[in-house]
Amino acid sequence: MSELRFVRMGFGAEPVEYQEAWDEQRRVHAARFADEVPDTVLLLEHPPVYTAGRRTEESERPLDGTPVIDVDRGGKITWHGPGQLVGYPIQKLPRPVDVVAHVRRLEEALIRTCAEFGLETTRVEGRSGVWVLGEPKQATALGGLSLDLDPRLTDDEFDPRMNGPEYAPSNAGQRREDRKIAAIGIRVAKGVTMHGFALNVNPDNKWFDRIIPCGIRDAGVASLANELGRDVTIEEVLPVAERHLRDVLENADLKPRLIEKAPAA
């Protein structure tokens, strides 16, 4: 893969509106397809905004009618905002594109980033993104919130937003549950990737309590600051994330997705 170009669009007091970043993604995507620019990663913070991928269901959106921007990426609904490092890698991949391999590379770079700050994270089978693992399910989590009978285990339509803070995604750490620290949602058009990842550094995770984050009802969200029990800033994380993204993405052995031939009749 060619050398990556990183573009820092805006952070802190100068966050980038979602529509502005989306327009820039499309501009860079067209230029990358035409080989006018190298593979590029846009890095930024957004003002508070909810975005919904193509598979988002109405029941997962904010109950109070808070506006949501519908986008053309995969995945479901999530939140972006202050304290969250957002990255949009725009890369040309060999066809037929191996989307899963691309997602795994992004996960690997973010797992390495978290590890450098002293936090062990991992993948969860069947769920994209980067996770902090919880403890085995139990009736009472010592030192945390108590769920004597967890209705989520028997009710697929259980809505945590209507059942009090003990079920809120932002409290998953107190409940010792699995919690997502980085979400990933991408789109591939003309062999070039768009959208990407959102790493929770030090956001107010209560923003996630108004939605069903990523459509997942039995887990929650995490941040580097909360998990480490100390302040961590975007400014600290940015160069570390860039270094690991560069290492993983530039050194990847890119291969097209294997297509199995149907057996002869």
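Positions are given from 1, in the same order as the sequence printed here. What you see is a predicted model; the values in this text were computed from it and never measured.
Atom CD of E36 is surrounded by more than 12 heavy atoms from other residues, nucleotides or ligands within 6.0 Å. Around atom CD of E120, no more than 12 heavy atoms belonging to other residues, nucleotides or ligands sit under 6.0 Å away. Heavy atoms of other residues, nucleotides or ligands lying less than 6.0 angstrom from CD of E17 number 12 at most.
P62 is listed as a side-chain neighbour of V68, based on a closest heavy-atom distance under 4.5 Å. A 4.5 Å side-chain heavy-atom check between L43 and L238 finds at least one atom pair inside the cut-off. Looking only at side-chain heavy atoms (C-beta outward), E235 and F11 stay at 4.5 Å or farther from each other. Under the 4.5 Å side-chain criterion, counting only non-hydrogen atoms from C-beta, N200 is not in contact with R179.
Here D35 pairs with K92 in a salt bridge; the nearest charged N to carboxylate O distance falls below 4.0 Å. A salt bridge is defined here as a Lys NZ or Arg NE, NH1 or NH2 lying under 4.0 Å from an Asp or Glu carboxylate O, and R210 with D64 meets this definition. The pair E108-R105 fails the salt-bridge criterion, with no side-chain N (NZ, NE, NH1 or NH2) lying under 4.0 Å from an Asp/Glu carboxylate O. Salt bridge present: D247 and R112 bring a charged side-chain N and a carboxylate O closer than 4.0 Å.
The two atoms that bring S128 and I184 nearest to each other are OG-O, 3.6 Å, heavy atoms only. The nearest pair of heavy atoms linking C114 to L199 is SG-CD1, 4.1 Å.
H46 places a side-chain N or O within donor-acceptor distance of the main-chain N or O of V16, the cut-off being under 3.5 Å. Side chain of N171 to main chain of P165: a donor-acceptor pair is present (N/O by atom type, distance under 3.5 Å, no hydrogens or angles). E45 places no side-chain N or O within 3.5 Å of a backbone atom of P82 that could act as its donor or acceptor partner.
To the nearest 0.5 angstrom, Y167 atom OH is 13.0 Å from D218 atom CG. In this structure, L44 CG and I234 CD1 are separated by 9.5 Å, a value rounded to the nearest 0.5 Å.
The same ILVMFWY cluster, assembled from side-chain heavy atoms under 4.5 Å apart, contains both L85 and L4. A single hydrophobic cluster is not seen to contain both Y18 and I211; linkage of ILVMFWY side chains at heavy-atom distances under 4.5 Å, directly or through other members, places them apart.
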> salt bridge (charged side-chain N to carboxylate O under 4.0 Å, His left out) between D39 and R32: does it pass, once the steps are laid out?
Replying inline: CA-CA 7 Å; D39 290 331; R32 183 66 190 98; 2.6 Å; yes
> Can you list the steps and then say if R246 with E3 is a side chain to side chain contact (heavy atoms under 4.5 Å, CB included)?
Replying inline: CA-CA 8 Å; R246 185 182 299 281; E3 183 177 350; 3.6 Å; yes
> Is there a side chain to side chain donor-acceptor pair (under 3.5 Å) between Q25 and H29 once you walk through the steps?
Replying inline: CA-CA 6 Å; Q25 280 195 73; H29 181 278; over 6 Å; no
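In this structure, W79 and F208 have perpendicular ring planes: the angle between them is above 60°, well past the 30° mark.
Each side-chain hydrogen bond (donor to acceptor under 3.5 Å, both in side chains) pair with one or both residues in residues 67-76, not counting sequence neighbours, appears once here: T51-R73, E60-K76, R61-D70, D72-R187, D72-H195.
Applying the salt bridge (Lys or Arg N to Asp or Glu O under 4.0 Å) criterion to R243, with sequence neighbours excluded, gives E116.
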